[in-house]
Every structure is written in C-alpha cells, then in structure tokens.
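Predicted model only: the values in this text are computed from it and were never measured. So that the names make sense, note that chain A is the first sequence line, chain B the second, and so on, each numbered from 1.
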Amino acid sequence: SQQGEEDPQALSIQEGENATMNCSYKTSINNLQWYRQNSGRGLVHLILIRSNEREKHSGRLRVTLDTSKKSSSLLITASRAADTASYFCATDSLIMNTGFQKLVFGTGTRLLVSP
Amino acid sequence: DGGITQSPKYLFRKEGQNVTLSCEQNLNHDAMYWYRQDPGQGLRLIYYSQIVNDFQKGDIAEGYSVSREKKESFPLTVTSAQKNPTAFYLCASSIGGYHQPQHFGDGTRLSIL
C-alpha cells in the first residue's frame with residue numbers, strides 16, 4: 001500500500017519560478033523523506049525531516065512538515081531546467097515484530113521546468 | 001566513488017524463463033532493498049535484507065527470490081511464476097536503523113519477449 005500521495009501529479013513552470021509539491025500521508029511517522037528521479041534513472045535522496053522538525057532547508061530546497069495535518073511540502077526556489085524530474089515523498093513504516101522500518105513511497109509529482 | 005551498481009541496464013525474458021538481476025554496493029551498508037516501479041507509479045518493496053544471510057519478504061514478493069551471501073551483493077531472481085514481470089527494478093541500500101536515507105542504483109528495465 002502507498003501511504004504518501006503527492007499533489008499535483010504534474011507541474012509545468014518556467015525557469016526562475018518556484019515549484020511547490022505537496023505530500024499527504026495516513027499514519028504516524030518518525031520521518032519523511034523526499035527523493036528525485038530523473039527519467040530512466042534511480043532515485044536520489046534530497047532531504048529527510050524528522051517528525052519533531054517543522055522545517056528544513058538544503059540549498060534551494062525547503063521542506064515543511066505538519067504532523068497534525070499529516071502533510072509535507074517541498075519547495076524548489078528559482079527553478080532550473082535541470083530540476084526537471086519526478087519527485088517522491090517517502091514515509092517510514094514499522095514492520096511488525098521486526099523492529100525494521102521500511103519506506104513507503106508516494107506516486108510522485110512530475111516537474112517540468114522550461115527554459 | 002562509492003555507490004550501487006545494477007546490471008544489466010536492460011533485460012529481456014522469454015516465457016517460462018528465470019532471470020537474475022545483479023545489485024552490488026561498495027558503501028559498506030548493512031541493509032539492502034529491491035523495489036519494483038511501474039509506469040507513473042511509486043516504488044513497491046519486493047524484498048529487503050537487514051544483514052548478511054538474512055532477508056525478508058516485502059509487499060510484493062510473490063514470483064521473486066533473493067539471496068544475501070555477501071554484504072556487497074543482493075541479487076534478485078524474477079521467476080517464471082511472476083506473470084507480469086515487465087517493470088523497472090531498483091536496488092537500494094542504507095546503513096540501517098532509523099532516520100537513514102536510501103541510496104539507489106540506476107535500475108534494470110525488464111521486458112518480456
């Protein structure tokens with residue numbers, strides 16, 4: 001089952017504009033992660049935010065987390081054509097009786113940044 | 001450079017054939033994972049391994065098998081029992097434990113002849 005659902009499914013913007021993607025999830029979490037996937041490639045980890053954090057920055061990326069609303073947002077500022085990719089949120093999910101946490105991925109937002 | 005290497009990049013399977021996808025990492029990570037990605041979809045967990053000589057089924061393990069004889073290697077076999085194997089397969093690894101990111105290979109695209 002997929003816990004995270006990204007919104008919008010697709011986003012098309014011009015270079016220099018900001019891009020905002022949202023992720024909603026269903027159950028309580030310890031952390032939420034954002035990944036980027038270029039077409040035909042593997043995923044690249046962008047940022048991890050813990051459940052006791054509200055905001056985190058990394059370069060042009062800003063992630064917020066609202067555990068009361070079970071939602072997160074990823075903001076990419078001053079976007080570039082190279083930011084064109086799919087973006088996925090992933091939440092941790094504890095596997096019963098193992099102490100092991102797996103990641104549950106959403107369906108992703110496809111971002112197109114035009115020059 | 002440390003990383004995860006998946007091979008081959010493209011693989012074709014005939015009906016009734018088993019095929020094995022390779023995944024090697026030199027990051028010294030304990031945990032390794034296999035995911036399946038269908039077009040326009042997120043990733044679904046097939047198998048995971050927390051440590052050498054141990055592995056567990058994920059959400060969609062039917063028709064797949066794995067082994068973890070070495071820390072660096074976690075091959076995935078797609079058996080003939082998997083009736084819809086066409087997908088993009090991704091291998092990942094992590095240090096293990098909580099609050100750790102996963103590092104991904106560049107995937108193997110499997111198609112049916």
Original post:
With a cut-off of 6.0 Å (strictly less than), are more than 12 heavy atoms of other residues, nucleotides or ligands near CD of A/Gln14?
Top reply: yes
Subject >> Residues, nucleotides or ligands: over 12 heavy atoms within 6.0 Å of A/Gln9 CD >> reply: no
Subject >> Portion of B/Gln56 that has a non-hydrogen atom of chain A nearer than 4.5 angstrom >> reply: neither
Subject >> Proximal to chain B - members of residues 55-80 of chain A, heavy-atom separation under 4.5 Å >> reply: none
Original post:
When you look at CZ of A/Arg110, are more than 12 heavy atoms from neighbouring residues, nucleotides or ligands closer to it than 6.0 Å?
Top reply: no
**OP:** Could you state whether B/Leu43 and B/Val78 fall into the same hydrophobic cluster, counting links through intermediate Ile, Leu, Val, Met, Phe, Trp or Tyr residues with side-chain heavy atoms under 4.5 angstrom apart?
**Re:** no
**OP:** Using side-chain hydrogen bond (donor to acceptor under 3.5 Å, both in side chains) as the criterion, list what pairs up with B/Ser73, not counting sequence neighbours.
**Re:** B/Glu24
Original post:
Between atom OG of A/Ser86 and atom CD of B/Gln41, what is the distance when rounded to the nearest 0.5 Å?
Top reply: 11.5 Å
Original post:
Are A/Val113 and A/Leu11 connected, step by step, through hydrophobic side chains (Ile, Leu, Val, Met, Phe, Trp, Tyr) whose heavy atoms are closer than 4.5 Å?
Top reply: yes
Original post:
When hydrophobic residues are tied together by side-chain contacts of less than 4.5 Å, even through go-betweens, does B/Met32 share a cluster with B/Val52?
Top reply: no
Original post:
Are B/Phe88 and B/Tyr64 connected in the hydrophobic side-chain network, where two residues link if heavy atoms are under 4.5 Å apart?
Top reply: no
Subject >> Heavy atoms of other groups near B/Ile112 CD1, more than 12 under 6.0 Å >> reply: yes
Original post:
Can B/Leu76 be reached from B/Tyr33 by stepping across I, L, V, M, F, W or Y side chains whose heavy atoms are under 4.5 Å apart?
Top reply: no
Subject >> Interface residues of residues 33-46 of chain A facing chain B - heavy atom cut-off under 4.5 Å >> reply: A/Gln33, A/Tyr35, A/Gln37, A/Gly40, A/Arg41, A/Gly42, A/Leu43, A/His45
Subject >> Spacing of A/Leu103 atom CG and B/Tyr35 atom OH [to the nearest 0.5 Å] >> reply: 5.0 Å
Subject >> For B/Ser7, all residues meeting side-chain hydrogen bond (donor to acceptor under 3.5 Å, both in side chains), sequence neighbours excluded >> reply: none
